[in-house]
A.B. asks: 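Here it is, the structure in full.
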Amino acid sequence: MLARHNLQRAGFDKRRASPHIGGDDSQKAAVSDPYDDFPGYEPVAPRAGGIAARALAALSPAPDFISALNPEQREAVETTEGPVLVLAGAGTGKTRVLTSRIAHILAQGQARPHQILAVTFTNKAAREMKERIAALIGPSAEGMGWLGTFHAISTKILRRHAELAGLKSNFTILDTDDQMRLLKQILRAENIDEKRWTARTIAYLIDNWKNRGLAPKNVPAGEAQAFANGKGGAIYALYQERLKILNAADFGDLLLETLKIFRENPDVLKDYQQRFKYILVDEYQDTNAVQYLWLRLLAQRTDGGKPNLCCVGDDDQSIYGWRGADVDNILRFEKDFPGAKVIRLERNYRSTGHILAAAAHLIAHNTDRLGKTLFTDGEDGEKPQVSGVWDSEEEARVIGEEIEQLQRQNHSLDEVAILVRASFQMREFEERFITLGLPYKVIGGPRFYERLEIRDALAYLRCTAQPADDLAFERIVNTPKRGLGEASLQIVHDYARRQQIPLMQAARVLVETEELKAKQRSTLRALLKDFERWASEIGQTPHHELAEKILEESGYTDHWKQEKSAEAEGRLENLKELVRSMEEFPDLGAFLEHVSLVMDADNADGGARVSIMTLHGAKGLEFETVFLPGWEEGLFPHQRSLDENGRAGLEEERRLAYVGVTRARRRAKIYFATNRRIHGLWQTTTPSRFLDDLPAAHVQVTENRGSGSGYGAYAQSRFANMDAFGSRYDTPGWKRAQKNGPGGRGPLTIEGEVLSRSTPTGAFAPGDRVFHQKFGPGSVAAVDASKLTIDFDKAGRKLVLDSFVEKTSK
DNA sequence: CGGAGCGGGATTTTT
DNA sequence: TCCCGCTCCG
């Protein structure tokens with residue numbers, strides 16, 4: 001038993017250590033010998049008619065991945081029919097089960113690769129899964145077209161049926177940044193006090209509604225009126241309208257709109273239900289209401305049979321409640337899917353006995369859990385250590401010293417991690433490590449595609465490829481600074497809004513008139529020309545070269561070259577990296593799609609370094625030695641979690657502590673400080689109540705000032721009784737909105753370009769007295785469609801657009 | 001238009 | 001205390 005678990009460990013480590021270069025490295029994985037995973041593995045004769053025998057016939061050489069599993073894992077892999085819930089504790093071989101299960105289904109010939117739906121939460125998880133499947137079964141893993149994140153798979157489906165959701169199949173996916181800008185516009189238009197109700201707050205609300213599967217019309221009335229002076233719901237509706245006009249979807253829409261399509265189009269749903277013979281879900285405890293509803297629909301068998309749905313997760317590691325994940329989904333599984341088989345994986349292959357005992361004891365204090373107890377056949381090892389320090393400064397110093405000590409014992413720095421509750425804690429460690437000259441890396445900073453320069457560059461590409469992309473246009477119209485500021489943009493904006501046309505379209509009309517100052521007009525005209533020229537090169541020039549050209553000719557790269565800061569260098573590097581990465585895609589469109597959904601910051605660099613990251617960021621990772629600083633009341637458990645979510649919040653914090661402890665293979669070191677600076681003020685702190693949740697017999701206490709915190713009374717969750725499952729999309733308003741499209745009376749457009757649009761003719765005639773916001777009163781001299789030549793009383797003769805003037809009585 | 005100066009807010013984060 | 005975003009002024 002021990003021998004096998006060592007084998008498995010070796011297998012896991014090896015996979016994890018293999019660097020991901022990006023792009024398509026399935027090739028590499030496919031040629032590598034699957035037995036590499038199991039050094040010292042001794043083959044067993046294939047059972048007649050068994051998997052090995054079958055697989056051998058189809059492929060050669062075929063690994064017998066089944067016999068490398070423990071009995072529970074094996075049961076989870078071989079129970080392919082009917083609903084299965086695999087409760088996989090930390091370090092019990094969860095990914096191994098998922099990948100082996102897929103390999104098994106394929107090897108048995110029960111389904112073809114494209115008939116398996118395998119869903120993950122992160123791109124990283126999806127990528128790893130694909131690699132590991134390829135390692136098991138070879139190149140046929142390539143056919144797994146439906147292995148991906150909830151969002152990626154939803155996007156794929158949504159593009160196919162976009163028109164059913166009031167979108168065109170080339171819709172843009174907005175990120176948080178775009179969302180904010182859009183919301184700000186709406187808030188301003190609605191006269192909402194942006195100090196009282198920030199775009200961030202509203203975005204959070206909308207996101208929450210979407211996570212719960214609620215379209216604007218389904219938001220409970222009380223809730224819709226509880227925000228933004230009673231306009232919360234209305235703003236959500238307006239926001240959705242604007243998205244449709246922009247032919248755009250935000251992350252929440254990807255799922256919500258797909259769900260809506262499934263609900264309203266039984267034929268479409270049926271098609272997917274028949275397509276997916278087997279469904280697998282990773283990290284099921286992290287699913288939210290929409291994802292749950294989405295899955296439940298897809299899993300339903302058209303013949304009324306039981307769904308072949310396999311969900312893998314760990315209720316004890318559910319730490320994303322604050323962003324909509326609902327632990328109840330996993331707790332309810334057996335009720336949701338009658339006849340479900342629940343398999344517990346409790347044999348841990350990662351940590352030593354004391355660490356496991358400490359973690360198990362800690363998490364046992366939670367009540368909302370299915371319950372499982374991890375065990376190991378391995379050695380007891382060192383007891384987790386709990387130490388008290390005077391303040392956060394001493395904490396950083398002591399941890400620094402301990403790491404140097406480990407370093408002297410040849411402990412690799414790659415195997416050391418510091419896991420903090422909140423990112424402000426990182427700074428103290430960084431400062432200390434810089435003084436010590438201890439190499440470190442901070443994991444989970446801004447992602448590659450979220451960086452300023454990358455977002456700017458992408459906005460240029462979006463404007464080129466999708467001229468109707470207003471948000472992109474707004475972003476770069478004055479970046480680099482070209483003198484097209486707020487005032488000029490406002491004019492373009494006003495016109496576009498009034499005519500309901502995209503900004504670029506509006507700009508094109510405006511440069512023909514004198515609404516804008518001469519200087520701005522010529523700058524804008526030049527910019528529009530640039531975009532036209534670049535657009536004409538799509539399909540001609542290879543897209544990565546075109547991108548480079550755009551960044552050069554727009555002056556964007558120069559803009560950073562001129563800024564001689566150390567930061568600017570890095571930004572230029574990132575831009576180069578962006579262009580380089582484009583080569584892997586067939587065309588600009590494919591690249592933009594990838595980027596909005598998938599791109600990760602994958603900065604692999606040499607040299608061993610200590611990792612500093614948040615506890616959230618550490619989920620799924622493991623280290624030889626883990627430092628857990630800041631176990632103090634108010635910080636961990638975090639006060640806000642307690643205040644906002646009461647007991648549920650506390651339990652989630654405790655799960656976070658559990659995740660932290662279980663990241664350690666051999667050494668876990670917990671710290672609490674008695675003084676900590678919070679918002680600039682030094683405060684005396686109390687040791688975390690989680691310290692008292694640890695079993696004395698399995699913990700080594702270096703110093704303890706005792707913890708005397710009592711449990712306060714926690715506010716009850718405000719929306720405890722909201723029911724997401726009663727949501728419907730058949731309200732008259734929603735239907736109308738879908739049928740007519742946003743606003744219902746926009747101009748006729750194709751791909752965002754206006755086909756026909758005319759201002760009512762005859763509205764103005766020569767001799768009319770008019771008033772212009774900027775030029776004041778004047779008389780119409782001549783009319784040319786929507787363009788008016790006007791003799792202004794003060795400003796003289798100007799060519800302006802009719803929509804900017806008002807008729808005044810003579 | 002863009003820089004300086006002021007006030008408010010300050011968990012966790014993926015897609 | 002520190003950082004970001006907004007406002008005001010040159």
Side-chain angles (χ1 to χ4, degrees), chain A residues 119-126 148-155 173-180 184 188 194-196 198-201 203-204 207 210-211 249-256 283 286-288 290-291 318-325 419-428 443-447 449-450 478-490 517 519-520 523 593-601 613-620 630 634-645 649 652-653 655-657 659-660 676-683:
Chain A
V119 207
T120 65
F121 274 84
T122 65
N123 295 299
K124 192 173 158 221
T149 62
F150 274 102
H151 291 86
I153 289 167
S154 286
T155 305
I173 299 165
L174 300 189
D175 57 29
T176 336
D177 217 70
D178 297 321
Q179 268 184 68
M180 294 298 207
K184 272 184 193 164
R188 240 160 252 175
E194 284 176 77
K195 291 241 167 86
R196 178 83 182 77
T198 61
R200 230 190 94 180
T201 312
Y204 179 78
D207 219 52
K210 289 186 177 176
N211 283 157
D250 66 16
F251 285 123
D253 283 339
L254 296 176
L255 283 146
L256 189 55
E283 306 278 18
D286 286 340
T287 48
N288 59 33
V290 213
Q291 287 158 342
S318 161
I319 55 175
Y320 286 110
W322 51 274
R323 65 180 197 211
L419 310 183
V420 298
R421 176 62 181 80
S423 38
F424 76 84
Q425 293 173 263
M426 293 179 176
R427 215 164 97 179
E428 205 120 27
I443 308 218
R447 324 237 149 256
Y449 66 89
E450 279 167 7
N478 200 30
T479 310
K481 303 263 183 283
R482 41 171 81 88
L484 292 170
E486 199 51 46
S488 317
L489 187 61
Q490 194 55 49
K517 293 201 193 104
K519 207 174 129 209
Q520 271 86 358
T523 313
E593 162 91 17
H594 170 87
V595 124
S596 52
L597 215 54
V598 178
M599 197 123 122
D600 292 315
M613 62 180 102
T614 63
L615 287 158
H616 284 92
K619 197 168 111 180
L635 177 58
F636 193 35
H638 200 282
Q639 193 57 46
R640 241 178 112 164
S641 208
L642 267 36
D643 290 346
E644 287 170 13
N645 296 298
E652 183 155 312
E653 293 283 304
R655 289 193 290 267
L656 202 48
V659 167
R676 188 173 293 274
R677 203 157 52 175
I678 297 165
H679 305 333
L681 294 172
W682 281 99
Q683 312 228 294

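Computed from heavy atoms alone, side chains included, the values below leave out hydrogens, waters and symmetry copies. To find a chain, count down the sequence lines: A is the first, B the second, and so on, and within it residues start at 1.
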A.B. asks: The side chain of Arg421(A) is closest to which nucleotide in this list: dT12(B), dT13(B), dA10(B)?
C.D. replies: dT12(B)
A.B. asks: So Asn478(A), base contact, sugar-phosphate only, or nothing? Heavy-atom distance under 4.0 Å.
C.D. replies: sugar-phosphate
A.B. asks: Heavy atoms only, 4.0 Å cut-off, all strands: where does Leu484(A) land among base, sugar-phosphate and nothing?
C.D. replies: sugar-phosphate
A.B. asks: Determine the minimum heavy-atom distance between Asp253(A) and Asp250(A), stating which atoms define it.
C.D. replies: N-OD1, 2.8 Å
A.B. asks: Any idea which of dA10(B), dT13(B), dT15(B) is nearest the Thr614(A) side chain?
C.D. replies: dT13(B)
A.B. asks: Between dT13(B), dG2(B), dT15(B), which nucleotide gets closest to the side-chain atoms of Lys481(A)?
C.D. replies: dG2(B)
A.B. asks: Walk me through whether Gln291(A) and Val119(A) qualify under side-chain contact (heavy atoms from CB on, under 4.5 Å).
C.D. replies: CA-CA 10 Å; Gln291(A) 287 158 342; Val119(A) 207; over 6 Å; no
A.B. asks: Using a heavy-atom cut-off of under 4.0 Å over every strand shown, decide if Arg427(A) touches base, sugar-phosphate, or nothing.
C.D. replies: sugar-phosphate
A.B. asks: Base, sugar-phosphate alone, or nothing: which one does Lys195(A) contact when heavy atoms must sit under 4.0 Å apart?
C.D. replies: nothing
A.B. asks: Do the side chains of Arg200(A) and Asp207(A) get close enough for a salt bridge, i.e. N-O under 4.0 angstrom?
C.D. replies: no
A.B. asks: Need one value for Glu653(A): base, sugar-phosphate or nothing, where a base atom within 4.0 Å counts as base even if backbone is also close, heavy atoms only.
C.D. replies: base
A.B. asks: From C-beta outward on Arg323(A), which listed nucleotide comes closest to its side chain: dT15(B), dT13(B), dT11(B)?
C.D. replies: dT13(B)
A.B. asks: With a 3.5 Å distance limit and no angle check, can you tell me whether Gln639(A) reaches the backbone of Leu635(A) through a side-chain donor-acceptor pair?
C.D. replies: no
A.B. asks: What is the distance, rounded to the nearest whole Å, between atom CZ of Arg676(A) and atom P of dT1(C)?
C.D. replies: 18 Å
A.B. asks: Let me know the distance between NE2 of His679(A) and C1' of dG7(B), rounded to the nearest Å.
C.D. replies: 16 Å
A.B. asks: Measure centre to centre between the rings of His616(A) and Trp322(A), then say whether the value is under 6.0 Å.
C.D. replies: yes
A.B. asks: Determine the interatomic distance between P on dC3(C) and the same-named atom on dT12(B); round to the nearest Å.
C.D. replies: 15 Å
A.B. asks: Across the strands shown, which category fits Ser423(A) at heavy-atom distances under 4.0 angstrom: base, sugar-phosphate, nothing?
C.D. replies: sugar-phosphate
A.B. asks: Taking the nucleotide of DNA chain B with the closest heavy atom to each, which residue, Arg482(A) or Thr176(A), is nearer the 5' end?
C.D. replies: Arg482(A)
A.B. asks: Of all the choices, dT13(B), dT15(B), dT11(B), which nucleotide is nearest to the side chain of His616(A) once you look at every atom?
C.D. replies: dT13(B)
A.B. asks: Between Glu652(A) and Ala487(A), which has a closest nucleotide on DNA chain B that is more 5'?
C.D. replies: Ala487(A)
A.B. asks: Go ahead and write out DNA chain B as dot-bracket, 5' to 3': ( ) for pairs within the strand, [ ] for ones crossing earlier pairs, | when the partner sits on another strand, dots for unpaired; Watson-Crick or G-U wobble, both distances under 3.5 Å.
C.D. replies: ||||||||||.....
A.B. asks: Arg677(A) side chain to Trp682(A) main-chain N or O, any donor-acceptor pair under 3.5 Å?
C.D. replies: no
A.B. asks: Inspect the contact between Lys184(A) and Glu194(A) and indicate whether a charged nitrogen and a carboxylate oxygen are less than 4.0 angstrom apart.
C.D. replies: no
A.B. asks: For Thr155(A), report the nucleic acid contact type (base, sugar-phosphate, nothing); a contact means any heavy atom under 4.0 Å.
C.D. replies: nothing
A.B. asks: Under 4.0 angstrom, heavy atoms only, what part of the nucleic acid is Lys184(A) near: base, sugar-phosphate, or nothing?
C.D. replies: sugar-phosphate
A.B. asks: Could you tell me whether the side chain of Glu644(A) and the main chain of Ser641(A) form a donor-acceptor pair under 3.5 Å?
C.D. replies: no
